[in-house]
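Quick notes on the structure that follows.
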Amino acid sequence: MEYPFKEIERKWQKIWEQKRLFYVNEQDNRPKYYLLSMFPYPSGTLHMGHISNYSIADAIARFKIMNGYKVLQPMGYDGFGMPAENCAIEQNSHPKITTYQNIEKMRGQFKAIGFGYDWDREFATCDEEYYRWNQWIFLKMYEKGLVYKKSSFVNWCPHCKTVLANEQAENGYCWRCDTKVIQKEVEQWFIKITDYAEELLDHSKLGKWPQRVITMQKNWIGKSYGIEIFFKLAGSDETIPVFTTRPDTIFGCTYMVLAVEHPLVKKLKIGSQYEEEIDKFVNRIINENKILRTAKDTEKEGIFTGKYAINPVNGKKIPIWIGNYVVMDYGSGAVMCVPAHDQRDFEFAKKYNLPIRIVIQNWDKTLKLKEMKEAYIDDGIMSNSEQFDGMKSRDAIDMIYEWMEQKNIGIKTVNYHLRDWGISRQRYWGTPIPIIYCDKCGVVPVPENQLPVKLPENVQVGKTTQNPLKTASDFVNTTCPKCGGPAKRETDTMDTFFDSSWYYARFCDPKNDKMPFDKDIAAHWLPVDQYIGGIEHACMHLLYARFFHKFLRDIGLVFTDEPFTNLLTQGMVTKDGAKMSKSKHNVVDPQYIIDRYGSDTVRIFMLFASPPEKDVEWNDEGVKGAFRFLNRIWILISEKKDFLINSPTNYNEDAEISQSLKNLRYSTHHTIKKVTEDIEDRMQFNTAIAAIMEHLNNVTAFKVDENCSDIEKAIYRESVEIIPKLLSPFAPHLAEEIWEMLGNKPSIYESGWISYNEKFLIKDEILYVIQINGKIRSKITVGLNTSKEEVEKLALSDKKVRSYIEGKEIKKVIIVPQKLVSIVIN
RNA sequence: GCGAAAGUGGCGGAAUUGGUAGACGCGCUGGACUUAGGAUCCAGUCCCGAUUUAUCGGGGUAGGGGUUCAAAUCCCCUCUUUCGCACCA
């Protein structure tokens with residue numbers, strides 16, 4: 001017989017809603033705990049990854065509630081974005097219609113699983129009341145000079161006439177129409193996240209974050225110290241700045257390479273005999289897929305410009321080349337090349353027969369030009385470097401910095417790998433960028449009181465191959481806020497990462513129509529105490545959100561430095577060792593599992609299968625095991641409830657009782673301790689659930705009946721009554737039901753967590769393991785307060801031990817209190 | 001290539017501080033109940049070898065070496081896997 005999970009789950013979901021258990025406010029004077037899971041993109045159905053993520057969060061939420069916190073656990077939807085737009089195109093519908101339909105479906109699923117959300121705070125980022133504040137924040141950033149427009153090269157599909165993200169142009173072909181992707185120069189809006197690079201590099205104000213994520217962010221930001229050196233263009237006053245981290249190699253610089261996009265390229269080629277060839281080369285390279293072009297194993301290619309630069313340290317003329325391996329958006333887009341000491345330059349110089357000059361000798365001074373098969377990139381002894389000769393190259397670096405700054409040929413600089421964030425998308429389903437172009441006034445930001453700039457609805461999505469907003473003439477044509485003359489609106493929309501960069505703050509005050517959120521209300525809830533989501537967001541969403549938070553702090557809206565105190569990155573749900581995906585045909589539909597076994601079973605399985613940070617391998621049999629576990633509990637309570645209700649609740653704690661009864665009581669208190677610590681200190685739910693299973697085994701093995709003594713009945717009752725409590729974070733519906741069956745007043749979440757009694761964890765006998773020369777040879781049981789000397793004496797007189805040590809010399813006896821005796825003999 | 005993490009039975013995993021390796025669950029084997037079992041319950045289940053079979057010995061945490069009375073745990077080398085970065089000057 002299966003326990004009636006359907007009725008039970010429906011019943012308690014209704015009661016929780018009636019009691020408004022998960023709705024919180026600022027007036028409530030319990031301490032706050034803000035728990036947030038990354039909100040989903042509304043695809044219409046929850047997948048196993050969501051269930052896993054949200055089950056982890058819900059377990060923590062319920063545990064915290066029982067420990068006296070008011071837990072803010074909100075839920076919403078990341079509604080905008082290309083997948084939603086494409087989904088609508090496929091269904092020949094409109095994204096607004098399909099997105100809100102999908103949200104409806106997902107809300108239904110969330111409620112059927114019984115997650116403890118404050119539904120009063122629900123919103124979607126595509127709600128007009130939400131995205132207007134995207135625009136407001138954008139304008140604040142604009143005011144602060146953090147927003148600018150520049151043209152940059154992007155992946156462009158000539159057939160679809162749209163910008164593609166890197167992952168949509170992976171092999172150089174459009175994911176949708178298989179057209180070869182080209183690089184196109186497009187005007188785009190950028191946000192100066194690099195202004196915050198230094199602060200984003202500081203992770204010291206965070207609580208518990210996975211080291212992995214911190215390292216990934218550090219690498220992504222990629223700080224490097226170096227110097228910008230000014231080279232002069234020969235026969236001109238033009239200066240070409242070049243960034244290097246190796247000024248110690250400057251005397252070995254034998255040529256210079258510019259990126260194809262470098263502004264100087266156009267100037268240099270004019271009047272040059274190479275002009276035509278340069279044009280051909282530059283056009284070819286510029287149109288190549290940028291990811292492929294800048295991959296390490298792509299062959300280096302270049303072309304001579306016919307012009308020269310002057311190496312400022314020795315006045316030598318060096319040829320200026322243009323090359324495919326130099327990127328425009330790092331440093332200055334120009335590099336000084338030292339082929340002897342840089343592998344890329346070495347390969348390039350070999351290919352094009354450019355001079356190579358050793359300026360750093362290895363420690364044996366045996367480096368010879370003719371024998372070099374690769375660049376010598378290590379430290380060494382300075383040579384061919386005039387006054388620096390003979391110094392250790394590492395020591396020379398600082399001296400050269402100083403020397404160059406004194407001579408005004410360079411400035412010490414810090415460079416970051418992090419680039420400014422391009423937020424323009426030539427797509428419909430996103431937040432309109434609140435900018436107006438006026439022929440007279442130029443670029444004019446939309447005044448605050450004219451927000452929101454509404455996304456027009458009467459746009460035929462997918463019917464055009466250009467940015468759909470361009471076809472909405474009612475939208476595009478407007479009047480200039482400054483001069484009142486005719487003007488045009490910006491038709492690009494925002495990257496959806498903009499939306500998700502501050503949603504955690506909106507949840508604090510989701511209905512506010514005067515501000516993104518009230519700063520005092522937000523101060524009450526922020527920062528998020530525990531954030532939970534996938535590691536794939538390490539360098540995107542999590543970095544953007546940290547940046548936003550610092551910006552919001554700088555404009556006085558929040559008062560902390562970091563948005564998320566603790567971060568938990570949960571693993572994926574896999575099947576047959578691979579991430580579930582339609583193309584691999586290994587998707588398991590959570591709805592089917594929930595219909596068959598119930599929400600509690602799915603939660604227990606997910607949490608029990610592995611620790612939260614690790615991947616969970618889906619296993620049909622494992623789900624049955626989880627279901628079996630819950631059934632065993634149900635049967636136990638059903639059979640014993642009358643007996644239990646009639647059993648006494650109190651007993652004399654100091655009474656002498658049998659060993660088996662002592663063991664049961666030990667199991668009870670030990671399990672409370674184990675489960676509490678596993679959740680609180682370690683967030684390791686698999687071992688917590690294992691401990692409950694073990695305890696259940698102990699309880700069912702203990703036979704009771706009407707003839708038992710009162711004290712037996714009382715200890716047995718206690719051992720059963722902790723089960724609903726310990727189960728409440730993981731299988732909430734069943735926990736409530738059996739809690740009620742045992743004669744308690746609902747809800748269990750209003751009843752508080754349980755504590756254990758240290759007294760019952762003390763065993764009156766201690767088992768000592770006896771090792772002889774490192775091997776376990778015997779075990780002895782001694783009284784609790786047996787002294788070290790006594791334990792040693794008992795161990796040495798143990799029959800088995802004696803047979804081993806007879807006639808041997810005892811060299812050493814080590815006693816680890818409460819644990820073991822280690823005897824060393826020869 | 002660089003960086004990080006990990007590697008434990010047939011499987012998922014446990015061992016929290018260097019102290020009884022394999023908790024808990026799945027699967028499997030045997031048994032009970034049964035018209036039936038894909039339900040439930042009971043027993044067994046790391047490998048090898050003995051045996052008096054409710055016993056004993058040996059081996060064992062990717063492989064090799066080391067530190068220690070004692071290593072899955074600490075150190076060194078090798079291999080494998082996963083993840084991240086990848087011409088960043």
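No hydrogens, no waters, no symmetry mates; every other heavy atom, side chains included, goes into these values. Below, chains carry the letters A, B, ... as their sequence lines are ordered, and counting in each starts from 1.
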**Asked** When we call it a touch if two heavy atoms are under 4.0 Å apart, what does A/L767 touch: a base, just sugar-phosphate, or nothing?
**Response** base
**Message:** Between B/rU20 and A/K779, counting only base atoms on the nucleotide and side-chain atoms on the residue, is there a donor-acceptor pair under 3.5 Å?
**Reply:** yes
**Message:** Looking at the base of B/rC87, is there any donor atom on it, or on the side chain of A/K300, that sits under 3.5 Å from an acceptor on the other one?
**Reply:** yes
**Asked** Is the shortest side-chain N/O distance from A/N697 to OP1 or OP2 of B/rG25 below 4.0 Å?
**Response** yes
**Asked** According to a strict under-4.0 Å criterion, is A/R628 in side-chain N/O contact with OP1 or OP2 of B/rC26?
**Response** yes
**Asked** When you match A/G774 and A/V769 each to their closest nucleotide on RNA chain B, which lands nearer the 5' end?
**Response** A/V769
**Request:** Looking at every strand, decide which applies to A/I776 at a 4.0 Å heavy-atom threshold: base, sugar-phosphate, or nothing.
**Result:** sugar-phosphate
**Rounded C1' spacing from B/rU45 to B/rC26 in Å** = 13 Å
**Prompt:** Would you say a side-chain N or O of A/Y330 is under 4.0 Å from OP1 or OP2 of B/rA89?
**Reply:** yes
**Item:** Side-chain-base donor-acceptor pair under 3.5 Å for A/R419 and B/rC88
**Value:** yes
**Prompt:** Counting just side-chain N and O atoms, does A/Q684 come under 4.0 Å of either OP1 or OP2 of B/rA14?
**Reply:** yes
**Message:** Can you see if the side chain of A/K800 gets near the phosphate of B/rG57 - specifically, an N or O under 4.0 Å from OP1 or OP2?
**Reply:** yes
**Message:** It should be established whether A/S224 places a side-chain nitrogen or oxygen under 4.0 Å from OP1 or OP2 of nucleotide B/rA89.
**Reply:** yes
